[in-house]
Amino acid sequence: MDRVTAEMSDLTYEDIIDGLLDLFRRTDSMPAAVSPTPWDSFLRLSTLIHKTYEVPSTTFTPVMRRLLFALSYASQARNIVGVGTYVGYTFSWLLRDRTDPETAPYCEMAVGIDIDSNANELARRNCDRLGHGRRLTFIDGDGEVAIANSDWTIDLLYLDLDDPATGKSGYKRVLETALDHLRPGALVLAHDPCVPAFRQDFDSYNDFVNGCEMFSRSWILPIDACGLAVAVVR
């Protein structure tokens with residue numbers, strides 16, 4: 001084993017993600033004054049979720065859970081919108097546990113949107129344990145329509161919708177609709193850019209992001225088989 005490989009093998013998920021956040025800060029894509037990621041709080045949140053949530057299925061890996069938690073904490077997002085939030089499991093890593101003082105400040109408003117009303121019922125029960133109360137809402141319906149008909153301002157937009165017939169093609173449509181709602185410095189996170197079945201959909205999505213003057217930076221983070229696309233609003 002060479003020296004570089006040996007050093008990489010000693011890295012934890014937390015080391016890798018803290019390194020990514022340092023990169024974002026050096027490129028002015030994250031607030032510089034945020035304290036280090038409170039990983040003990042992540043572990044407490046993980047215990048809460050995995051002991052109490054009902055989750056029929058998920059592709060979310062341990063490293064992806066940590067990445068969303070760290071990005072949300074570092075961004076200090078006040079208003080969070082998720083489209084395709086299913087039973088609230090993935091969305092919870094962005095919301096965090098409001099009763100844990102180590103991960104404050106928390107969002108002032110969060111909305112999860114999914115077309116599956118049964119999944120939303122379960123999301124409400126699951127996420128009720130996070131202590132956000134009336135600040136957190138789950139809406140039955142189409143994300144593009146919900147955002148278009150809202151007066152929301154958005155600091156963090158999370159995309160994870162998946163149509164059996166059209167795959168991830170809805171990502172681009174939702175983002176186009178959300179442009180007028182995104183605040184300067186907002187993050188747009190899109191799950192699954194590394195999944196081969198969604199390559200054509202993400203080619204279209206990435207072309208749109210890279211060609212849109214609203215975005216100052218964008219990355220594809222292949223931290224697991226699904227990956228995460230990150231874009232930052234100017």
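Taking 4.5 Å as the limit, some side-chain heavy atom of Leu20 sits within range of a side-chain heavy atom of Leu221. Looking at Ile220 and Asn206, their side chains come closer than 4.5 Å, going by heavy atoms from C-beta outward. Residues Tyr73 and Leu21 have side chains not in contact (no heavy-atom distance under 4.5 Å, counting atoms from C-beta outward). In this structure, Asp160 and Thr90 have side chains that are in contact, with non-hydrogen atoms separated by less than 4.5 Å.
Tyr86 and Leu94 end up in the same hydrophobic cluster when Ile, Leu, Val, Met, Phe, Trp and Tyr side chains are linked at under 4.5 Å. Put simply, Ile115 and Val83 are part of two different groups of oily side chains (I, L, V, M, F, W, Y) that touch within less than 4.5 Å, one to the next. Side-chain heavy atoms closer than 4.5 Å link hydrophobic residues (I, L, V, M, F, W, Y) into clusters, and following such links, possibly through other members, connects Leu228 to Ile17. Linking ILVMFWY residues whenever their side-chain heavy atoms come closer than 4.5 Å, directly or via other members, leaves Met214 and Leu187 in distinct clusters. In the hydrophobic clustering of this structure, Leu179 does not group with Leu156; members are Ile, Leu, Val, Met, Phe, Trp, Tyr whose side-chain heavy atoms approach within less than 4.5 Å, directly or through other members.
Summarising the geometry, atom CG belonging to Leu136 is positioned 10.0 Å from atom CZ belonging to Arg98; distances are rounded to the nearest 0.5 Å. How far CG of Leu157 is from CH2 of Trp152: 10.0 Å, rounded to the nearest 0.5 Å. How far CG of Asp162 is from CG of Asp192: 7.0 Å, rounded to the nearest 0.5 Å. A distance of 7.5 Å separates CG in Leu67 from CG in Leu189, rounded to the nearest 0.5 Å. For the atom pair CZ (Phe215) and CG (Leu175), the distance works out to 4.5 Å, reported to the nearest 0.5 Å. Here the straight-line distance linking atom CG of Asn210 with atom OG of Ser218 works out to 4.0 Å at 0.5 Å rounding.
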Tyr158 and Thr85: CA distance, side-chain angles, deciding distance, side chain to side chain donor-acceptor pair (under 3.5 Å) verdict: CA-CA 9 Å; Tyr158 176 66; Thr85 47; over 6 Å; no
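At least one cation-pi condition fails for Lys172 and Tyr205: the charged atom is not both under 6.0 angstrom from the six-membered ring centre and inside a 45 degree cone around its axis.
A donor-acceptor pair shorter than 3.5 Å cannot be found between the side chains of Asp114 and Asn120. A donor-acceptor contact closer than 3.5 angstrom is absent between the side chains of Ser204 and Asp207. Of the N and O atoms on the side chains of Arg44 and Ser41, at least one donor lies less than 3.5 Å from an acceptor on the other residue. If you check the side chains of Asp97 and Thr103, you find no donor sitting under 3.5 Å from an acceptor. Side-chain contact annotation: Asp201 with Ser169, donor-acceptor N/O pair under 3.5 Å absent. Looking at Asp224 and Thr61, their side chains do bring a donor and an acceptor atom within 3.5 Å of each other.
In this structure, Ser46 contributes its side chain and Phe42 its backbone to no donor-acceptor pair below 3.5 Å. The closest donor-acceptor contact from the side chain of Tyr171 to the backbone of Ala190 lies at 3.5 Å or more, if one exists at all. Between the Thr58 side chain and the Phe60 main chain, a donor and an acceptor come within less than 3.5 Å of each other. Counting only distance, with no hydrogens or angles, the side chain of Arg66 and the backbone of Pro62 share a donor-acceptor pair below 3.5 Å. In this structure a side-chain-to-backbone donor-acceptor pair under 3.5 Å is missing from His132 to Ala110. For the pair Arg173 (side chain) and Glu144 (backbone), a donor-acceptor distance under 3.5 Å is absent. In terms of modelled atom types and a separation under 3.5 Å, the side chain of Asp116 and the main chain of Ala119 share a donor-acceptor contact. The backbone N or O of Leu68 lies less than 3.5 Å from no partner atom in the side chain of Ser72, so there is not a single donor-acceptor pair.
Looking at Arg25 and Asp22, a side-chain N of the basic residue comes within less than 4.0 Å of a carboxylate O on the acidic one, giving a salt bridge. Checked for salt-bridge contact, Arg135 and Glu108 miss the test: no charged N lies under 4.0 Å from a carboxylate O. Salt-bridge formation is not detected for the pair Lys168/Asp163: no Lys NZ or Arg NE/NH1/NH2 atom is positioned less than 4.0 Å from an Asp or Glu carboxylate oxygen. Of the charged side-chain nitrogens involved, none lies within less than 4.0 Å of a carboxylate oxygen, so that Arg234 and Glu213 do not count as a salt-bridged pair. At a threshold of 4.0 Å, the pair Arg124-Glu121 counts as salt-bridged, since one of the basic side-chain nitrogens sits closer than that to a carboxylate oxygen.
Annotation for Glu176: atom CD counts as buried by contact number, over 12 foreign heavy atoms lying within 6.0 Å. Other residues, nucleotides and ligands contribute at most 12 non-hydrogen atoms within 6.0 Å of the CZ atom of Arg199. Counted within 6.0 Å of CG on Leu48, heavy atoms from surrounding residues, nucleotides or ligands total more than 12; the atom is thus considered enclosed.
Between His191 and Phe202, the distance from one ring center to the other does not fall under 6.0 angstrom.
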